Each structure stands twice: as structure tokens, then as C-alpha cells.
Amino acid sequence: KMTIEWLAGNRLRGLNSERTSSYTTETVYNQSGGWAGALPLYSGAQTRRGIRIEAGSSAIGKVVRKVKGELSASGAVASVTGTYSWTIRNNADTIVAQSPTALASALPEASGESFVEFTFDVSRTLVEGDRIQVEYSGGTISNRVNLSYNNGLPAMPTGFKNSAYAGSYTDTTTGTPYLIVDST
């Protein structure tokens, strides 16, 4: 059922509630490049890798819905077991958004890494202290999931830190994780 409005001259117009809206993608973080190194994730070491939103970040107040990460597996891919997912955790380390899980064994070998896109279950308006990260707690040092990064240039953008979790967080400005985070 369509609602219309009669205008002068016998013209018709659909009401605002009937109109489609336009939308512009807003990129929050975009770092990519050739493979320069791997930030490993596996049981007994770092099980979360990604970025932390710092005070003054251009990401604060932006709405996030999707993330792409340059991921790969090391070791015998068939031996990389379990699942991984992307999360957004707040400063209290509570999950506030999460992607569906994916099989670690479906990732390409480290020499063939590629960006894999995921959509979070809810949109998140970012605040200082939020972390956007891939989480994987399976595997071993020789059968693991990797997040590509560059340990040289480009440096971490202002307002972001490279974040790693192994029982507690280590946040640094060295090493730039390859992720693309946006609002659509």
C-alpha cells in the first residue's frame, strides 16, 4: 500500500516514509598493502589481534558494521582447526558486536592471504577504548591463524593502536594490522 500526497496541478508525490534513502559508506580504518608479516593467533599465545580506538581518534562517533581483515593460515591448513570471528569489545572487554564464526581451515596459506569480509551482528557507534579484532583460540605455533601487518611503514594512524591479547592486552603504535573497517 503506497501513501501519496496530492499537489497543486493534479500532481502526486510519495510521502517521506515511502522514499528510499541514500547512504554513503564511511571508512573508519583502512590499512592494506602487500604482505609484510603475520601476527599469529593460537592457543597459549595471542588469541586476539586488531586495533584499539584511542582518545582523539577520527573513528570515535562513527558507526561500524563491516570489517575486512587480511587473514591466512600457517602450517598444514587441514590441521588448522576450530573457528574464528571478528569482535568489537568495549573498554571493559565486553563483546558489543560480533561477526558469524568461520572455519580456520578455510583460510588460504600465508603466501596466498586475502581480505575476508565479515558483517557484525549489530552496528556499533565507536567510543574510546573499543577494540576491533579477530579472535581465534585454537591451533598451535605451527598450525595457526594470521592477521597480516606491516612492521615498518605505514605507521599506525593517529588515534589507533595495534592491539594483542594473551591473557591481558598489549597496545602499541608499532606494526600496522591490515584491516578495513567501514559503516556499510
Side-chain angles (χ1 to χ4, degrees), residues 23-43 45-53 57-75 77-78 80-127 129-139 143-150 156-157 159-166 169 171 175-184:
Y23 189 78
T24 303
T25 298
E26 193 170 31
T27 300
V28 173
Y29 178 91
N30 185 351
Q31 296 294 313
S32 60
W35 189 85
L39 297 169
L41 293 100
Y42 60 92
S43 183
Q46 285 81 18
T47 56
R48 305 177 199 162
R49 297 275 194 169
I51 58 172
R52 183 178 194 276
I53 311 302
S57 173
S58 60
I60 293 174
K62 290 188 179 176
V63 178
V64 169
R65 185 69 178 159
K66 289 190 177 187
V67 61
K68 292 179 188 176
E70 193 170 272
L71 301 174
S72 63
S74 289
V77 174
V80 181
T81 60
T83 60
Y84 67 93
S85 67
W86 286 91
T87 62
I88 301 176
R89 289 180 178 261
N90 64 16
N91 206 33
D93 204 33
T94 302
I95 294 175
V96 293
Q98 186 169 11
S99 75
T101 59
L103 291 173
S105 61
L107 289 168
E109 285 285 343
S111 60
E113 75 288 331
S114 61
F115 276 95
V116 181
E117 181 176 274
F118 288 89
T119 301
F120 293 110
D121 56 354
V122 295
S123 296
R124 169 71 173 171
T125 302
L126 296 174
V127 297
D130 280 356
R131 287 183 170 86
I132 302 168
Q133 56 198 359
V134 62
E135 298 194 19
Y136 174 69
S137 59
N143 292 296
R144 63 184 188 263
V145 169
N146 304 301
L147 173 61
S148 295
Y149 82 116
N150 191 334
M156 282 298 291
F160 297 94
K161 284 193 175 175
N162 178 352
S163 183
Y165 180 85
Y169 283 103
D171 301 317
T176 305
Y178 286 163
L179 327 172
I180 300 171
V181 181
D182 66 39
S183 56
T184 57

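A quick note: this is a predicted structure, and the numbers were derived from the prediction, not measured.
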So, for [X] and [Y], which heavy atoms are closest and what is the spacing to 0.1 Å?
{"X": "E109", "Y": "S74", "answer": "OE1-CA, 4.5 Å"}
{"X": "V28", "Y": "A59", "answer": "CG1-CB, 3.2 Å"}
{"X": "A38", "Y": "Y149", "answer": "N-CE2, 3.5 Å"}
{"X": "A45", "Y": "A166", "answer": "O-CB, 3.5 Å"}

Could you grab the distance from atom [atom1] of [X] to atom [atom2] of [Y], nearest 0.5 Å is fine?
{"X": "R49", "Y": "L147", "atom1": "CZ", "atom2": "CG", "value": "8.0 Å"}
{"X": "R52", "Y": "S57", "atom1": "CZ", "atom2": "OG", "value": "10.5 Å"}
{"X": "Y136", "Y": "S85", "atom1": "OH", "atom2": "OG", "value": "12.5 Å"}
{"X": "L179", "Y": "F115", "atom1": "CG", "atom2": "CZ", "value": "7.5 Å"}
{"X": "R89", "Y": "I132", "atom1": "CZ", "atom2": "CD1", "value": "13.5 Å"}
{"X": "L126", "Y": "K62", "atom1": "CG", "atom2": "NZ", "value": "9.5 Å"}

Quick check: do [X] and [Y] have side-chain heavy atoms less than 4.5 Å from each other?
{"X": "R144", "Y": "N146", "answer": "yes"}
{"X": "T119", "Y": "R65", "answer": "yes"}
{"X": "L103", "Y": "T83", "answer": "yes"}
{"X": "F120", "Y": "V67", "answer": "yes"}
{"X": "W86", "Y": "E117", "answer": "no"}
{"X": "M156", "Y": "P177", "answer": "yes"}
{"X": "F160", "Y": "I53", "answer": "yes"}
{"X": "R124", "Y": "D130", "answer": "yes"}

Examine the side chains of [X] and [Y] and answer whether a donor and an acceptor come within less than 3.5 Å of each other.
{"X": "D171", "Y": "S163", "result": "yes"}
{"X": "D93", "Y": "Y165", "result": "no"}
{"X": "E135", "Y": "T87", "result": "yes"}

Discussion item. Pair Y178, N150 - check side-chain contact (heavy atoms from CB on, under 4.5 Å), show working.
Written reply: CA-CA 8 Å; Y178 286 163; N150 191 334; 3.1 Å; yes
Practice prompt. Please step through side-chain contact (heavy atoms from CB on, under 4.5 Å) for the pair L107 and V80, ending with a clear verdict.
Written response: CA-CA 9 Å; L107 289 168; V80 181; over 6 Å; no
Discussion item. As a quick check of understanding, evaluate side-chain contact (heavy atoms from CB on, under 4.5 Å) for Y169 and Q133, giving each step before the final call.
Written reply: CA-CA 12 Å; Y169 283 103; Q133 56 198 359; 3.1 Å; yes
